[in-house]
Amino acid sequence: MSRTLRLVETAPPPAEQPLRIAIATDDMETLNAHFGSARKFAVYDVTRTGARFIAAHEFETFTKGAGKHDDQDDRIAPKIAALQGCALVFVLAIGGPSAARVVKIGVHPIKRKEPEPIAAVLDQVRVMLNGTPPPFLRKVLGLGVRPDFRSEDEEQPA
């Protein structure tokens, strides 16, 4: 079972396309959780100029199985559903099967070695957006395709 708290839209949407990210957290202040055992995901829209809280998804910490822990769908499926619309999810760790499911829905997992404040993660994403985002994020943000560096003399494929 999971619960979601969403921000009620009160301000007009930002002029630029925000990047929606999720952060695995146990306390809503720190990136401090592994994907599978995270109690919550904090979801933000990040732009070049700032970040805006969008939603908090809260999850049960234990599966409802009959004492068996080999079927992780009870715990992972709500987390996958909570990531819909996000481009990135920041975690301390994520297992291979969970990572594959996250990537399948178009979300890129970012693993961090140590816990860090959510504010620091948001600042790092904002700085990255002001620099040169990686190609997969350029596509998500609608920033266009990579430039063609061939000279005009070279034959272009038809």
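Heavy-atom basis, side chains included; hydrogens, waters and symmetry copies ignored. Bear in mind that the values here come from a model prediction, so they are computed numbers and not experimental data.
- Ile110 and Val125 fall within the same hydrophobic cluster, where Ile, Leu, Val, Met, Phe, Trp and Tyr residues are linked whenever their side-chain heavy atoms come under 4.5 Å apart, directly or through other members.
- Closest approach of Ala82 to Phe59, counting heavy atoms only: CB-CZ, 3.8 Å.
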Practice item. Determine, step by step, whether Leu19 and Asp45 satisfy the side-chain contact (heavy atoms from CB on, under 4.5 Å) criterion, reporting the C-alpha distance in whole Å, the side-chain angles of both residues, the deciding distance to 0.1 Å, and the verdict. Key: CA-CA 5 Å; Leu19 178 68; Asp45 275 352; over 6 Å; no
Check: residues 127-134 side-chain donor-acceptor pairs under 3.5 Å, at least two apart:
| unit_1 | atom_1 | unit_2 | atom_2 | d |
| --- | --- | --- | --- | --- |
| Asn130 | ND2 | Arg48 | O | 2.8 |
| Asn130 | ND2 | Arg126 | O | 3.1 |

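- Closest non-hydrogen pair, Pro115 versus Leu92, comes out as N-CD2, 3.8 Å.
- Using the six-membered ring where Trp is involved, Phe35 and Phe41 have ring planes that are tilted, between 30° and 60° apart.
- If you chain together hydrophobic residues whose side chains sit under 4.5 Å apart, Phe53 and Ile21 fall into the same group.
- Legend: residues meeting side-chain contact (heavy atoms from CB on, under 4.5 Å) with Gln124, ordered by chain and number and at least two apart, are Arg112, Glu116, Ala120.
- Considering only heavy atoms from C-beta on, Asn32 comes within 4.5 Å of Thr25 through its side chain.
- Residues Phe90 and Leu122 fail the side-chain proximity criterion, which asks for heavy atoms closer than 4.5 Å.
- Hydrophobic clustering, with ILVMFWY side chains joined whenever heavy atoms are under 4.5 angstrom apart, keeps Val103 apart from Ile80.
- The nearest pair of heavy atoms linking Val107 to Cys86 is CG2-O, 3.3 Å.
- Between Val121 and Tyr44 the shortest side-chain heavy-atom distance does not fall below 4.5 Å.
- Residues Met28 and Leu88 fall within the same hydrophobic cluster, defined by Ile, Leu, Val, Met, Phe, Trp and Tyr side chains chained together at heavy-atom separations under 4.5 Å.
- A distance of 14.0 Å separates CD1 in Ile23 from NZ in Lys40, rounded to the nearest 0.5 Å.
- Residues in residues 100-135 take part in these ring-ring contact (aromatic ring centres under 6.0 Å, His included) pairs, two or more places apart or across chains: His108-Phe136.
- Arg101 approaches Ala77 most closely through the heavy-atom pair NH2-CA, 3.9 Å.
- Here the side chain of Lys79 pairs no donor or acceptor atom with the backbone of Ser98 at under 3.5 angstrom.
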